[in-house]
Each structure stands twice: as structure tokens, then as C-alpha cells.
Amino acid sequence: MPRSKGRARLQVAGKKILKHWQLHLLVIPPLLFFLIFKYYPMANAVLAFKDYNVIKGIWGSPWVGLKHFRLFFENPMFWTLVKNTLLLSGYLLLAGFPIPILLALMINEIRGGRFKRFVQLVSFAPYFISTVVMVSIIMLFLAPRLGFANIALNFFGLESVNFLGEPGMFRSIYVWSDIWQTAGYSAVIYLAALAGIDPTLYEAAKVDGASRFQKIRHVDLPGIVPTIVIILILNVGNVMAIGFEKVYLLQNPLNIVNSEIIATYVYGIGLLNANYSFATAVGLFNSLINLVLLVTVNGLAKRITSNSIW
């Protein structure tokens with residue numbers, strides 16, 4: 001009986017695949033992408049437990065167990081790197097997470113069609129600026145002598161400031177420039193969620209005499225809570241995986257006290273010095289921390305709001 005049921009299910013599945021073969025064909029490219037570039041490289045994470053030898057290859061290199069993890073944990077820079085990474089990621093999460101929600105709510109309240117499209121375009125366009133160009137803009141804007149920021153300070157009789165040379169300013173420069181660049185793109189997700197709210201809820205609120213703020217509080221926000229929770233869980237799951245390129249390009253000897261994070265340290269020590277096993281071990285450590293955070297926050301969100309990824 002179990003075999004006959006299994007065959008019947010396979011036959012039904014086969015008929016459905018043949019009936020909608022075009023849709024299944026569209027799934028193949030992204031599926032291959034994840035298999036080749038995401039899942040297959042996971043097998044090479046074994047490099048973290050070996051002393052990599054170019055001649056012997058990954059699988060032929062000798063096992064060393066947790067040697068590279070111990071080297072990283074015993075490194076005097078370990079706690080500084082973890083602190084800088086968590087502070088920068090936490091700052092970005094706390095400051096950057098609510099702003100796209102507020103921006104989406106404000107855009108949703110705009111009645112003029114042309115003005116609404118203009119605001120969306122202006123807020124969305126910076127997302128398409130590459131990281132290298134964005135860093136160049138920041139450097140020119142904050143240049144000690146000819147930067148617009150210092151020209152404005154001099155105009156008001158204040159002294160010039162070397163913004164990128166001040167360690168205490170690095171995190172704010174990184175975070176707020178990132179918010180300016182990505183807030184419009186992130187707001188699109190919430191705008192899509194707002195568009196899916198039942199129009200009858202707005203009509204009922206209007207009949208009850210609700211103001212705009214009351215509609216936002218009692219209709220808009222509850223309607224996008226599931227989306228907010230999912231985005232928050234994903235963001236927390238990437239706390240340790242903060243972008244390497246922008247930090248590295250903004251980094252200099254003057255601000256390195258606060259700008260040296262795990263990703264830039266691994267690049268300098270692990271990759272430039274060809275210590276691939278060490279770099280893999282640190283990367284695996286990062287991934288495990290992100291996984292723990294993701295599972296923990298997902299569980300908390302499920303208990304508190306009944307919304308979660310799984």
C-alpha cells in the first residue's frame with residue numbers, strides 16, 4: 001500500500017509539472033545559482049579545520065582541528081574586532097530599520113500623483129550608486145579643505161574638521177550615508193505591504209471619523225506588522241555580516257581604532273597573507289553567530305507576534 005500511494009503521488013506530481021512546465025522552467029536558473037554558488041561552496045568550509053596546502057588541495061591538506069579558531073579567539077584584537085562589528089551593525093540596525101517604515105508611511109499619505117512619484121524617485125535613486133562611487137562622494141563631501149561640509153563650517157566661522165580622521169565620527173558617517181543610500185529601496189517593500197491592505201478598513205476608519213494619524217496607527221501599522229517582523233529577523237540575522245567594501249574603503253590609519261571590523265581584519269590577515277584556513281575559520285565563526293541570532297530572534301518573534309520566517 002505505501003508503495004502504491006507513493007507511485008500515485010509521483011504520477012500526480014509529474015502531471016502537474018507537465019501541465020505547468022513553463023513555470024518550473026523559470027525556477028531552474030535561480031535553483032542552479034543557489035546550488036552552485038551557495039550550497040556547493042559549503043563543502044569547502046572544511047578548510048577551517050585544516051592547514052591549507054596549495055599542492056595537496058583542500059581535501060588533501062592535513063587536519064588541525066580547532067587550531068585556527070583558537071588563534072582567532074586568543075588574538076589580542078578579538079574583543080576589539082567583535083565590539084567594533086557589533087557596535088557598527090547595532091547602530092545601523094537601530095537607526096536604519098525604522099526610517100524606511102516612516103518613509104513608506106509618509107509616501108503612502110501623499111495624494112498628488114506626480115509629487116509622489118518624484119519623492120519615490122529621489123529616495124530610490126541613490127540605491128543604484130555603486131559602493132566605490134558612494135565612498136568617493138563621501139570623501140569629497142567631507143574633505144578637510146575643499147569639502148562642502150567644511151566650507152559650510154568655515155562660512156559660519158567654525159574651524160575645519162577632518163571627519164574621516166576622527167575615529168568617533170566613523171560609525172555615524174558610515175551609518176547615515178548608508179541610510180541615505182538604501183532607505184528608499186527598503187521603503188518599497190513596505191509600500192508593497194501597504195498596497196495589500198484591505199481598502200474597506202480605510203473606509204471603516206473614515207466612517208468612524210479617524211484622522212490621518214489614527215489611520216496610520218490603527219490600520220497601516222497593524223497591516224504591515226508581518227512584513228516588519230520578517231525584515232527585522234533577516235536584518236538581525238546579518239548583524240555580524242556587515243558590508244566589507246564600504247568599511248574598507250572609508251578606513252584609514254586615523255580611524256582604524258573604530259573602523260577595523262572582523263571582515264576587514266580577515267581580508268588583511270587571512271587573504272592578503274594567503275592564510276586561507278584562518279580566513280575560512282573566522283568566516284565560519286561569523287556565519288554560526290548569525291545563525292544563532294537568526295534562530296533566536298525568529299523564536300522570540302513567533303512567541304510575541306505570532307509572525308516568523310518558519
Side-chain angles (χ1 to χ4, degrees), residues 30-93 96 131 171 174 178 230-251 256-301 308-310:
L31 185 63
L32 289 174
F33 171 80
F34 280 100
L35 287 174
I36 296 171
F37 297 104
K38 300 294 182 180
Y39 288 97
Y40 174 71
M42 287 183 184
N44 294 327
V46 70
L47 192 64
F49 307 95
K50 295 189 171 191
D51 262 336
Y52 180 63
N53 186 294
V54 179
I55 298 174
K56 295 181 179 180
I58 294 175
W59 297 99
S61 299
W63 284 89
V64 292
L66 300 176
K67 171 188 171 183
H68 300 292
F69 292 94
R70 285 196 299 270
L71 287 174
F72 181 56
F73 297 149
E74 293 170 1
N75 193 310
M77 285 287 292
F78 174 74
W79 290 111
T80 302
L81 296 171
V82 172
K83 182 192 76 172
N84 288 343
T85 303
L86 289 176
L87 285 176
L88 188 59
S89 300
Y91 188 179
L92 183 61
L93 182 64
T131 303
R171 295 189 185 106
Y174 179 93
D178 192 82
I230 297 301
I231 299 298
L232 178 62
I233 292 170
L234 294 174
N235 285 350
V236 172
N238 285 318
V239 161
M240 298 293 287
I242 193 165
F244 157 77
E245 297 88 354
K246 189 175 177 182
V247 175
Y248 184 73
L249 292 171
L250 286 173
Q251 196 175 78
I256 201 167
V257 176
N258 286 344
S259 64
E260 186 77 314
I261 60 174
I262 292 175
T264 56
Y265 178 79
V266 169
Y267 176 75
I269 301 297
L271 299 181
L272 292 183
N273 293 339
N275 193 348
Y276 302 117
S277 296
F278 179 79
T280 306
V282 178
L284 188 58
F285 165 76
N286 258 5
S287 300
L288 288 174
I289 297 297
N290 284 332
L291 179 61
V292 171
L293 289 172
L294 180 65
V295 173
T296 303
V297 175
N298 185 77
L300 291 173
S308 61
I309 297 177
W310 65 84

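Position 1 is the first residue of the sequence, and the numbers go up from there.
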Heavy-atom closest pair, residues R171 and N84:
NH2-OD1, 3.1 Å

Measure the OH-CG distance between Y276 and N44 for me, rounded to the nearest 0.5 Å.
14.0 Å

Determine the minimum heavy-atom distance between H68 and S277, stating which atoms define it.
NE2-CB, 3.3 Å

If I take atom NZ from residue K50 and atom CD1 from residue I58, how far apart are they, to the nearest 0.5 angstrom?
8.5 Å

Between T264 (side chain only) and E260 (backbone N and O only), is there a donor and an acceptor less than 3.5 Å apart?
no

Using the side-chain contact (heavy atoms from CB on, under 4.5 Å) definition, which of the options T280, N275, V282, I261 pairs with V266?
V282

Quiz: residues 71-81 side-chain donor-acceptor pairs under 3.5 angstrom, not counting sequence neighbours:
unit_1: N75; atom_1: OD1; unit_2: M77; atom_2: N; d: 2.8
unit_1: N75; atom_1: ND2; unit_2: Y265; atom_2: OH; d: 2.4

Report yes if the side chains of V64 and F49 come closer than 4.5 Å at any heavy-atom pair, otherwise no.
no

Y248 atom OH: more than 12 heavy-atom contacts under 6.0 Å:
no

Within 6.0 Å of OH in Y174, more than 12 heavy atoms from elsewhere:
yes

Show me the donor-acceptor pairs within less than 3.5 Å that the side chains of residues 232-239 make with the rest of the protein, sequence neighbours left out.
unit_1: N238; atom_1: ND2; unit_2: L234; atom_2: O; d: 3.3

Would you please name every residue forming a salt bridge (charged side-chain N to carboxylate O under 4.0 Å, His left out) with K67, sequence neighbours left out?
D51

So how far is it from L294 CG to I289 CD1, rounded to the nearest 0.5 Å?
13.0 Å

Is the shortest heavy-atom distance from the side chain of L35 to the side chain of Y40 under 4.5 Å?
no

When rounded to the nearest 0.5 angstrom, what is the spacing between CG in L87 and CD1 in I242?
10.5 Å

Quick one: does any side-chain atom of S61 pair with a main-chain N or O of N53 as donor and acceptor, under 3.5 Å?
yes

CZ-OG1 distance between F244 and T131, expressed to the nearest 0.5 angstrom:
11.0 Å

